[in-house]
Amino acid sequence: MKVLVIGAGGREHALVWALKKSPRVSEIVCAPGNGGMAAIARCVAARLGDLDDLLRVVAAEHPDLTVVGPELPLSLGLVDELRRRGLAVFGPTQAAAMLETSKSFAKRFMQRHNIPTANYAVCASREEALETLGRFHLPLVIKADGLAAGKGVLICETKAEAEQAIDGLFSGKLLGTAEKTVVLEEFLTGEELSFLVLSDGKHVAPLVPSQDHKRLGEGDTGPNTGGMGVYSTDAMLDDKMRDWLLHHVAQPTIDGMAAEDTPFSGVLYCGLMMTAKGPMVLEYNARFGDPETQAILARLDSDLLEALEACVEGRLSDAEFRWKPGASACVVAASGGYPGSYTNGHKITGLDEAEKVPGVVVFHAGTTLVDRDVLTAGGRVLGVTATGNDLPEALKRAYEAIGKIGFEGMYYRKDIGWRAVGK
Ligand code: AMP
Ligand code: GLY
């Protein structure tokens, strides 16, 4: 089979790496790909935010299966267009992807279907938001309704901060475009858990659990980022809790979407807060997490192609999953200055040495291959990923490997997995 993978990040490199292991995959094309994907597959130019350009790539390549990585092409309706042409594509339709692309839609959906989530209010104007503010305790969470590349969630400690956030979102000062709707939300405390399930629109199959580290600084301090590292162990989620999440979160979400005539197939990412009162959904994503996917697929022992195909063909209940026991960890190496401004084009050294450490694979995110050199080309540059018999071993390997890698301004957190290892 010829598979086309849409995307340019660490998540897509991990998808390509896992798909390549399938005996039934004969060719992989990446659009647009990155320096890591270029080493193991063919990359073709493509603009992820341009539907016509992506359709042009599909028409030129004739893939047997297209796998859509990021949210932007989902939000543009790429899956709908490909299905209309009778092509096999892994990912949700534009309407189903609204679980991610509109937070007000997601909150109302959860309320309709009794899926546990924080108390909230949807406000359609600055005045309404300022008025509604008083109904919430502090701190309070204010969210832009639409996609905001990880910058749309503001945790406000004081009323003045909340007023400023509301002003900034509605005026456009904060995100560049003026929001028409914002969500005010109760602040929850607890440990976060990324619970990803595959779905064919009817059935669900859980992937192994993981925990992201969204803050830039050690001890979970500093600004939010796309994710600075992830770990995955079975101990994060016992069987009883996994079943609870399947029955109270994942399956009701899939059933609810089907009942509303917008069936969801693809990967449903449930971002959870494990509160003292039980798990609550913080957000949905309609795609694989990044960098969760790097740590999750490092543990997958069965055929990814078979699983994705089972989703596309509506027969996920027959699919088999095998996982490596033990643990995995992914440590992100970022450009100095990220998530603010940074410079590109710095040569990355030590990649081959790093991959000699047992159990290690280096997934590329913002990199590009120029002649034989791998250069930095983004904020998050690499996801150094390792498996091990337990979490300390996986972390030791990932850190040993990242210690061999260098580029100007490289930054990474030294404490990935600290909540689990510190216990
Ligand atoms: P999101 O973009 O919705 O994933 O939110 C980004 C991050 O903001 C989450 O991973 C949480 O760390 C935090 N967050 C979102 N909603 C809440 C909430 N209701 N209470 C506490 N933290 C939240
Ligand atoms: N790692 C968080 C996300 O993929 O949204």
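The first residue of the sequence shown is numbered 1, and numbering continues consecutively from there. Both counts, for ligands and for their atoms, begin at 1 and track the order of listing. All heavy atoms count here, side chains included; hydrogens, waters and symmetry mates do not.
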Query raised in the report: Do you see a donor-acceptor pair shorter than 3.5 Å between the side chains of Asp303 and Ser22?
Result: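 A pair is found: one side chain offers a donor N or O, the other an acceptor, under 3.5 Å apart.
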
**Report entry** Arg299 versus Ser232, side-chain donor and acceptor atoms under 3.5 Å
**Finding:**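 Per modelled atom types, Ser232 and Arg299 side chains form a pair under 3.5 Å.
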
Query raised in the report: Is a salt bridge present between Arg112 and Glu260, judged by a nitrogen-to-oxygen distance below 4.0 Å?
Result: yes

In the protein, what heavy atom is nearest to [atom], and what distance, to one decimal place, separates them?
atom: atom 11 (C) of ligand 1; answer: Glu192 OE2, 3.1 Å
atom: atom 19 (N) of ligand 1; answer: Glu185 OE2, 2.7 Å
atom: atom 17 (C) of ligand 1; answer: Leu282 CD2, 3.4 Å
atom: atom 13 (C) of ligand 1; answer: Ile155 CD1, 4.2 Å
atom: atom 8 (O) of ligand 1; answer: Val153 CG1, 3.5 Å

Show me a pair-per-line table, with atom names and distances to 0.1 Å, of protein N or O atoms that are under 3.5 Å from an N or O of ligand 2.
from, atom 1, to, atom 2, distance (Å)
ligand 2, 1 (N), Asp212, OD2, 2.8
ligand 2, 1 (N), Gly226, O, 3.4
ligand 2, 1 (N), Asp290, O, 2.9
ligand 2, 1 (N), Glu292, OE1, 2.8
ligand 2, 1 (N), Glu292, OE2, 3.4
ligand 2, 4 (O), Arg287, NH1, 3.0
ligand 2, 4 (O), Asp290, N, 2.9
ligand 2, 5 (O), Asn285, ND2, 3.3
ligand 2, 5 (O), Arg287, NH2, 2.9

Report task. Please say whether more than 12 non-hydrogen atoms of neighbouring residues, nucleotides or ligands are located less than 6.0 Å from NZ in Lys396. Result ->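 Check fails, neighbour count at 12 or below.
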
Query raised in the report: Between atom CE of Met241 and atom CG of Asp239, what is the distance when rounded to the nearest 0.5 Å?
Result: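 Between atom CE of Met241 and atom CG of Asp239 there are 12.0 Å.
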
Query raised in the report: Atom CG in Leu99, atom CE in Met110: separation rounded to 0.5 Å?
Result: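 Answer rounded to 0.5 Å: 8.0 Å.
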
[X] neighbourhood, listing ligand 1 atoms whose heavy-atom distance to it stays under 4.0 Å:
X: Phe187; result: 20 (N), 21 (C)
X: Lys214; result: 10 (O)
X: Lys143; result: 3 (O), 15 (C), 16 (N)
X: Glu283; result: 1 (P), 2 (O), 3 (O), 4 (O)

Query raised in the report: Residues in ring-ring contact (aromatic ring centres under 6.0 Å, His included) with Trp244, at least two apart?
Result: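 Only His248 meet the ring-ring contact (aromatic ring centres under 6.0 Å, His included) criterion with Trp244.
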
Query raised in the report: Given that the side chain starts at C-beta and the backbone is N, CA, C, O, which of these parts of Lys103 lies under 4.0 Å from ligand 1, counting heavy atoms, or is it both or neither?
Result: side chain

Query - Leu188 contact mode with ligand 1 (heavy-atom cut-off under 4.0 Å) - result: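 The part of Leu188 near ligand 1 is both the backbone and the side chain.
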
Requested in this report: State, yes or no, whether a side-chain contact exists between Glu163 and Leu133 at a heavy-atom distance under 4.5 Å.
Outcome: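 Yes, side chains in contact.
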
Residues 194-208, side-chain donor-acceptor partners within the protein, below 3.5 Å, at least two apart:
from, atom 1, to, atom 2, distance (Å)
Ser194, OG, Tyr269, OH, 3.3
Ser194, OG, Glu292, OE2, 2.8
Ser199, OG, Gly201, N, 3.0
Ser199, OG, His203, O, 2.8
Asp200, OD1, Lys202, N, 2.9
Asp200, OD1, His203, N, 2.7
Asp200, OD1, His203, ND1, 3.4
Asp200, OD2, His203, ND1, 2.8
Asp200, OD2, Leu316, N, 3.0

**Report entry** Pairs involving residues 397-409, ordered by first then second residue, that meet salt bridge (charged side-chain N to carboxylate O under 4.0 Å, His left out) (sequence neighbours left out)
**Finding:**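 Every salt bridge (charged side-chain N to carboxylate O under 4.0 Å, His left out) pair that includes a residue of residues 397-409, provided the two are not neighbours, is Glu393-Arg397.
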
Query raised in the report: Would you call the rings of Trp323 and Phe321 parallel, tilted or perpendicular if under 30° counts as parallel and over 60° as perpendicular?
Result: parallel

